[in-house]
Amino acid sequence: LYTAEEISAEPEKKDPFLLFFPSDDPKADERPYIFVVPGGAYINVWSLTEGYPVAARFNEQGYHCFVLNYRVSINNLFPRPLEDIARALTLIRDSGKEFPVQWDRYAMVGFSAGANLILNWTLKDHGYPVYDMPAPAVLMPTYAPVSWSLHETDGEDDWLPRYEFGVGSKEAAQAGWNIEEHVEGLVPEGHLRVLVLEMLDRVLVAAPAERHALRRPHRLHLAAVDR
């Protein structure tokens, strides 16, 4: 994703990369593409279980896909993963005819940390508006953490926001990282598009990511951008 000069200045920029999974469906060029963001607790990126198999299933349903490997395992991590999303979209935009997609027509699917990341991408003060990028047409965040207000703890239990943002959960909430308070342009939960749920259900059938979801006490949250 990054140039040799950028990697020389910030060596961690050597880690992110973007893989394209084209669909054989001739109508895929006319549809929004799927931007897949695997999970991994912001420690790893589980592309082998929550990235490549998911992209392959979306390909079968007639959608081109990209899978993002973003920066992880860095203290005070953010906004680096958001910068990686912005750079990936810039790469797609600037690719000319290399990818048969309309770069600004995209849906996002993420799992666990990846689901949290695509929701962070919608935040008014941290996400796509900051990077002057278009909003995703649809979000499919699967078992996503969403609220630092609900997470408020002290001491060792507060390690996650300190790892992600360098502050505790209370400070993270005050800094605009509470997704439920600061999302930009999302339809309320009572007006979710049933079509999105049906589509995700078809894609996850027999996928390894489904087994991960069943093992862990996560919730499924879906949202669509109001355009």
Polar side-chain atom of E50 near backbone of S47 as donor-acceptor pair, under 3.5 Å: no
Residues N44, V72; criterion side chain to side chain contact (heavy atoms under 4.5 Å, CB included); working and verdict: CA-CA 6 Å; N44 299 294; V72 295; 5.5 Å; no
Criterion side chain to side chain contact (heavy atoms under 4.5 Å, CB included) on Y70 and V45, from CA distance to verdict: CA-CA 7 Å; Y70 50 95; V45 181; 4.1 Å; yes
Y163 versus N76, side-chain donor and acceptor atoms under 3.5 Å: no
All pairs passing salt bridge (Lys or Arg N to Asp or Glu O under 4.0 Å) where residues 134-143 contributes a residue, at least two apart: none
Shortest non-hydrogen contact from [X] toward [Y]:
X    : Y    : value
V54  : V109 : CG1-CG1, 4.5 Å
V67  : A55  : CG2-CB, 3.7 Å
H126 : L82  : O-CD1, 3.3 Å
C65  : F58  : SG-CB, 3.3 Å

Partner residues of E171 under the salt bridge (Lys or Arg N to Asp or Glu O under 4.0 Å) criterion, sequence neighbours left out: none
Distance, nearest 0.5 Å, that separates CG of D132 from CG of L89: 12.0 Å
Tell me every residue that passes side-chain contact (heavy atoms from CB on, under 4.5 Å) with [X], counting only those two or more places apart in sequence or in another chain.
X   : value
K27 : D25, R31
S8  : none
D29 : H64, P100

Partners passing ring pair (Phe, Tyr, Trp, His ring centres under 6.0 Å) against F99 (at least two apart in sequence or in another chain): F20, F66
Listed partners of Y42 passing ring pair (Phe, Tyr, Trp, His ring centres under 6.0 Å), at least two apart: F78
Listed pairs under 3.5 Å, donor-acceptor, residues 11-19 side chains, sequence neighbours left out:
unit_1 : atom_1 : unit_2 : atom_2 : d
E12    : OE2    : R71    : NH1    : 3.3
E12    : OE2    : R80    : NE     : 3.1
K13    : NZ     : E10    : OE2    : 3.0

Flag side-chain contact, heavy atom, 4.5 Å: L139 against L119: yes
Residue pairs fulfilling side-chain hydrogen bond (donor to acceptor under 3.5 Å, both in side chains) with at least one residue in residues 88-103, sequence neighbours excluded: none
